[in-house]
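Below: one structure, written as C-alpha coordinates.
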Amino acid sequence: MTLSPASRPTSGGRPFDAVLCDVDNVIRVYDPSPLNALERAAGLAEGTTMKLAFAPDTVLPLVVGRVTPDEWARSAVQGLAGLVSEATARELGEALVRTPFRADPAVVSLLREARAHVPLVLVTNTSVQLEEDLEVLGLADLAHHVVSSARVGIAKPDRRIYDIAVERAGVPAERCLFVDDTQENVEVAAALGMRAVHYRDPEDLRRALRTL
(Lines give C-alpha, C1' and ligand atoms only; values in the text may rest on other atoms or scores of the structure.)
Protein backbone atom coordinates (compact mmCIF):
# COMPACT_ATOMS: atom_id res chain seq x y z
CA MET A 1 0.00 0.00 0.00
CA THR A 2 1.29 3.45 -0.91
CA LEU A 3 0.12 6.01 1.64
CA SER A 4 0.82 9.70 1.57
CA PRO A 5 1.70 11.44 4.83
CA ALA A 6 -1.31 11.68 7.13
CA SER A 7 -3.01 15.02 7.48
CA ARG A 8 -3.62 16.49 10.91
CA PRO A 9 -6.17 14.50 12.87
CA THR A 10 -9.42 16.14 13.92
CA SER A 11 -10.43 16.58 17.55
CA GLY A 12 -12.14 13.21 17.20
CA GLY A 13 -8.81 11.62 16.29
CA ARG A 14 -9.63 10.75 12.67
CA PRO A 15 -6.89 11.37 10.08
CA PHE A 16 -9.54 12.07 7.38
CA ASP A 17 -13.16 13.21 7.18
CA ALA A 18 -14.28 11.75 3.82
CA VAL A 19 -13.50 8.80 1.57
CA LEU A 20 -13.14 9.18 -2.20
CA CYS A 21 -13.07 5.75 -3.83
CA ASP A 22 -12.59 4.39 -7.33
CA VAL A 23 -15.04 1.81 -8.69
CA ASP A 24 -13.43 -0.46 -11.30
CA ASN A 25 -10.91 -2.97 -9.99
CA VAL A 26 -11.69 -1.81 -6.47
CA ILE A 27 -15.42 -2.18 -5.88
CA ARG A 28 -16.30 -3.77 -9.21
CA VAL A 29 -14.27 -6.74 -10.44
CA TYR A 30 -14.39 -8.10 -13.99
CA ASP A 31 -14.11 -11.69 -15.24
CA PRO A 32 -12.35 -11.62 -18.64
CA SER A 33 -12.39 -15.40 -19.09
CA PRO A 34 -15.19 -15.48 -21.75
CA LEU A 35 -13.34 -12.88 -23.82
CA ASN A 36 -10.03 -14.68 -23.31
CA ALA A 37 -11.59 -17.94 -24.53
CA LEU A 38 -12.78 -16.27 -27.73
CA GLU A 39 -9.31 -14.80 -28.28
CA ARG A 40 -7.67 -18.18 -27.88
CA ALA A 41 -10.14 -19.73 -30.33
CA ALA A 42 -9.31 -16.96 -32.81
CA GLY A 43 -5.57 -17.51 -32.43
CA LEU A 44 -5.01 -14.24 -30.56
CA ALA A 45 -3.02 -13.74 -27.40
CA GLU A 46 -5.20 -13.30 -24.32
CA GLY A 47 -5.69 -9.64 -23.53
CA THR A 48 -5.30 -8.42 -27.13
CA THR A 49 -8.81 -6.95 -27.27
CA MET A 50 -8.49 -5.27 -23.87
CA LYS A 51 -5.15 -3.79 -24.86
CA LEU A 52 -6.70 -2.21 -27.95
CA ALA A 53 -9.81 -1.09 -26.08
CA PHE A 54 -7.95 0.60 -23.24
CA ALA A 55 -5.39 2.42 -25.36
CA PRO A 56 -5.65 6.06 -24.22
CA ASP A 57 -6.99 7.46 -27.50
CA THR A 58 -9.61 4.70 -27.70
CA VAL A 59 -10.90 4.68 -24.15
CA LEU A 60 -10.95 8.45 -23.53
CA PRO A 61 -14.10 9.11 -25.62
CA LEU A 62 -15.86 6.41 -23.60
CA VAL A 63 -14.94 7.70 -20.17
CA VAL A 64 -15.81 11.32 -20.93
CA GLY A 65 -19.21 10.34 -22.28
CA ARG A 66 -18.68 11.03 -25.97
CA VAL A 67 -19.44 7.47 -27.12
CA THR A 68 -21.49 4.56 -25.84
CA PRO A 69 -19.91 1.27 -24.77
CA ASP A 70 -21.03 -0.35 -28.04
CA GLU A 71 -19.44 2.45 -30.09
CA TRP A 72 -16.27 2.12 -28.03
CA ALA A 73 -16.13 -1.62 -28.68
CA ARG A 74 -16.56 -1.14 -32.43
CA SER A 75 -13.73 1.38 -32.41
CA ALA A 76 -11.50 -0.91 -30.38
CA VAL A 77 -11.84 -3.96 -32.63
CA GLN A 78 -10.94 -1.97 -35.72
CA GLY A 79 -7.39 -2.69 -34.63
CA LEU A 80 -8.03 -6.39 -35.21
CA ALA A 81 -8.42 -5.90 -38.96
CA GLY A 82 -6.17 -8.38 -40.75
CA LEU A 83 -5.76 -10.51 -37.62
CA VAL A 84 -9.25 -12.03 -37.50
CA SER A 85 -12.33 -12.05 -39.70
CA GLU A 86 -14.83 -9.20 -39.49
CA ALA A 87 -17.37 -11.54 -37.88
CA THR A 88 -14.87 -12.63 -35.23
CA ALA A 89 -13.93 -9.02 -34.55
CA ARG A 90 -17.60 -8.20 -33.97
CA GLU A 91 -17.93 -11.17 -31.63
CA LEU A 92 -14.90 -10.01 -29.66
CA GLY A 93 -16.33 -6.50 -29.44
CA GLU A 94 -19.63 -7.81 -28.11
CA ALA A 95 -17.82 -9.95 -25.55
CA LEU A 96 -15.80 -6.91 -24.48
CA VAL A 97 -18.83 -4.81 -23.55
CA ARG A 98 -20.55 -7.79 -21.93
CA THR A 99 -17.61 -8.86 -19.77
CA PRO A 100 -19.17 -10.25 -16.58
CA PHE A 101 -18.61 -8.24 -13.41
CA ARG A 102 -19.37 -8.54 -9.72
CA ALA A 103 -18.95 -6.50 -6.60
CA ASP A 104 -16.19 -7.44 -4.18
CA PRO A 105 -18.14 -8.18 -0.97
CA ALA A 106 -15.18 -7.41 1.29
CA VAL A 107 -14.73 -3.95 -0.24
CA VAL A 108 -18.45 -3.22 -0.19
CA SER A 109 -18.67 -4.18 3.48
CA LEU A 110 -15.73 -1.94 4.39
CA LEU A 111 -17.16 1.01 2.47
CA ARG A 112 -20.63 0.61 3.96
CA GLU A 113 -19.07 0.71 7.40
CA ALA A 114 -17.03 3.80 6.48
CA ARG A 115 -20.15 5.49 5.08
CA ALA A 116 -21.71 5.36 8.52
CA HIS A 117 -18.94 7.62 9.84
CA VAL A 118 -17.87 9.93 6.98
CA PRO A 119 -19.09 11.02 3.54
CA LEU A 120 -18.35 8.44 0.83
CA VAL A 121 -17.87 9.66 -2.75
CA LEU A 122 -17.27 7.35 -5.70
CA VAL A 123 -14.99 9.02 -8.25
CA THR A 124 -14.40 6.89 -11.29
CA ASN A 125 -13.45 6.82 -14.96
CA THR A 126 -16.38 4.99 -16.48
CA SER A 127 -19.08 4.96 -19.13
CA VAL A 128 -22.61 6.37 -19.14
CA GLN A 129 -23.78 2.92 -17.98
CA LEU A 130 -22.42 3.32 -14.46
CA GLU A 131 -25.74 4.14 -12.80
CA GLU A 132 -27.39 1.12 -14.42
CA ASP A 133 -24.48 -1.11 -13.43
CA LEU A 134 -24.63 0.04 -9.81
CA GLU A 135 -28.32 -0.83 -9.77
CA VAL A 136 -27.54 -4.30 -11.11
CA LEU A 137 -24.95 -4.78 -8.37
CA GLY A 138 -27.34 -3.56 -5.68
CA LEU A 139 -25.01 -0.64 -4.94
CA ALA A 140 -27.08 2.35 -6.02
CA ASP A 141 -27.18 3.48 -2.38
CA LEU A 142 -23.58 2.66 -1.52
CA ALA A 143 -22.19 6.20 -1.64
CA HIS A 144 -23.44 9.62 -0.67
CA HIS A 145 -22.31 10.94 -4.07
CA VAL A 146 -21.04 9.54 -7.37
CA VAL A 147 -18.68 11.50 -9.61
CA SER A 148 -18.69 9.72 -12.97
CA SER A 149 -16.20 10.89 -15.59
CA ALA A 150 -18.78 10.19 -18.30
CA ARG A 151 -21.23 12.58 -16.63
CA VAL A 152 -18.85 15.43 -15.80
CA GLY A 153 -16.82 15.08 -19.03
CA ILE A 154 -13.49 14.94 -17.19
CA ALA A 155 -11.39 11.86 -16.41
CA LYS A 156 -8.72 11.10 -13.85
CA PRO A 157 -5.90 12.08 -13.59
CA ASP A 158 -7.23 15.55 -14.55
CA ARG A 159 -7.26 17.38 -11.23
CA ARG A 160 -10.64 18.97 -12.04
CA ILE A 161 -12.48 15.71 -11.37
CA TYR A 162 -10.76 15.51 -7.98
CA ASP A 163 -11.94 19.05 -7.25
CA ILE A 164 -15.52 18.05 -8.06
CA ALA A 165 -15.28 15.01 -5.78
CA VAL A 166 -13.84 17.09 -2.93
CA GLU A 167 -16.63 19.63 -3.33
CA ARG A 168 -19.24 16.85 -3.16
CA ALA A 169 -17.55 15.46 -0.05
CA GLY A 170 -17.86 18.84 1.63
CA VAL A 171 -14.45 18.77 3.30
CA PRO A 172 -11.02 20.14 2.28
CA ALA A 173 -8.83 17.96 0.06
CA GLU A 174 -6.35 17.43 2.89
CA ARG A 175 -9.14 15.83 4.93
CA CYS A 176 -9.93 13.23 2.23
CA LEU A 177 -8.82 9.62 1.93
CA PHE A 178 -8.45 8.73 -1.77
CA VAL A 179 -8.43 5.09 -2.91
CA ASP A 180 -7.58 4.00 -6.47
CA ASP A 181 -5.93 1.05 -8.24
CA THR A 182 -4.02 3.27 -10.69
CA GLN A 183 -0.72 4.65 -9.43
CA GLU A 184 -0.90 7.85 -11.51
CA ASN A 185 -4.30 8.70 -10.05
CA VAL A 186 -2.99 8.09 -6.54
CA GLU A 187 0.00 10.34 -7.14
CA VAL A 188 -2.22 13.22 -8.28
CA ALA A 189 -4.41 12.84 -5.20
CA ALA A 190 -1.35 12.90 -2.95
CA ALA A 191 -0.06 16.02 -4.73
CA LEU A 192 -3.39 17.69 -3.96
CA GLY A 193 -2.86 16.99 -0.26
CA MET A 194 -5.06 13.94 0.11
CA ARG A 195 -4.24 10.83 2.10
CA ALA A 196 -3.81 8.54 -0.92
CA VAL A 197 -3.93 4.74 -1.03
CA HIS A 198 -2.80 2.64 -3.99
CA TYR A 199 -5.32 -0.19 -3.88
CA ARG A 200 -4.26 -3.74 -4.72
CA ASP A 201 -6.47 -5.86 -2.46
CA PRO A 202 -9.10 -5.36 0.26
CA GLU A 203 -6.47 -5.42 2.99
CA ASP A 204 -5.10 -2.10 1.66
CA LEU A 205 -8.52 -0.56 2.20
CA ARG A 206 -9.01 -2.26 5.55
CA ARG A 207 -5.74 -0.83 6.87
CA ALA A 208 -6.58 2.65 5.62
CA LEU A 209 -10.01 2.64 7.27
CA ARG A 210 -8.84 1.15 10.55
CA THR A 211 -8.76 4.54 12.25
CA LEU A 212 -12.49 5.19 11.73
Any side-chain heavy-atom pair of [X] and [Y] under 4.5 Å:
X    : Y    : result
L111 : C21  : yes
L212 : E113 : no
E174 : M194 : no
V108 : I27  : yes
L83  : L44  : yes
L209 : L177 : yes
L122 : H145 : no
I154 : S149 : no

Closest non-hydrogen atom pair, [X] against [Y]:
X    : Y    : result
A208 : V197 : CB-CG2, 3.8 Å
P119 : H144 : CA-ND1, 3.5 Å
A73  : G93  : CB-O, 3.5 Å
L130 : S148 : CD2-CB, 4.0 Å
R112 : L142 : CG-CD1, 3.6 Å
A173 : L192 : CB-O, 3.6 Å

- In chain order, what residues pass the ring pair (Phe, Tyr, Trp, His ring centres under 6.0 Å) check against Y199, with sequence neighbours excluded?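 Expected list: none.
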- To which residues is V136 joined in a hydrophobic cluster, defined by side-chain heavy-atom contacts under 4.5 Å among Ile, Leu, Val, Met, Phe, Trp and Tyr, whether direct or through other members?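 Its cluster mates, by chain and number: none.
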For residues [X] and [Y]: do they belong to one hydrophobic cluster (side chain heavy atoms under 4.5 Å, members Ile, Leu, Val, Met, Phe, Trp, Tyr)?
X    : Y    : result
V67  : V128 : no
V146 : V171 : no
V84  : V97  : yes
V152 : V63  : no
V29  : V179 : no

Drop me the distance from [X]'s [atom1] to [Y]'s [atom2], to the nearest 0.5 angstrom.
X    : Y    : atom1 : atom2 : value
N185 : Q183 : CG    : CD    : 9.5 Å
N36  : R40  : CG    : CZ    : 6.0 Å
F16  : R195 : CZ    : CZ    : 6.5 Å
T124 : L20  : OG1   : CG    : 12.5 Å
D204 : L110 : CG    : CG    : 11.0 Å
E91  : E94  : CD    : CD    : 7.5 Å

- Task: List the steps and the verdict of side chain to side chain contact (heavy atoms under 4.5 Å, CB included) for T49 and L35.
- Result: CA-CA 8 Å; T49 309; L35 177 57; 4.1 Å; yes
Would you check if the side chain of [X] reaches a backbone N or O of [Y] as a donor-acceptor pair within less than 3.5 Å?
X    : Y    : value
T182 : E184 : no
E39  : T48  : yes
K51  : E46  : no
H198 : V186 : no

Lys/Arg-Asp/Glu bridge criterion (N-O < 4.0 Å) met for [X], [Y]:
X    : Y    : value
D104 : R28  : no
E131 : R151 : yes
R210 : E203 : yes
D70  : R74  : no

- Message: If we count only N and O atoms by modelled type, under 3.5 Å, do the side chains of D31 and S33 hold a donor and an acceptor together?
- Response: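 Their side chains do contain a donor-acceptor pair, which is all the 3.5 Å distance test asks for.
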- Message: Surrounding CG of D141 (heavy atoms of other residues, nucleotides or ligands, distance under 6.0 Å), is the total greater than 12?
- Response: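 Yes, CG of D141 has more than 12 neighbouring heavy atoms, counting only those of other groups under 6.0 Å.
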- Please say whether more than 12 non-hydrogen atoms of neighbouring residues, nucleotides or ligands are located less than 6.0 Å from CD in E71.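 Above 12, so yes.
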- Task: Could you walk me through whether T58 and L52 pass side chain to side chain contact (heavy atoms under 4.5 Å, CB included), step by step?
- Result: CA-CA 7 Å; T58 303; L52 291 169; over 6 Å; no
- Query: What pairs of residues pass the ring-ring contact (aromatic ring centres under 6.0 Å, His included) test when at least one of them lies in residues 17-76, not counting sequence neighbours?
  - Reply: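 Of all non-adjacent pairs touching residues 17-76, those that pass ring-ring contact (aromatic ring centres under 6.0 Å, His included) are Y30-F101, F54-W72.
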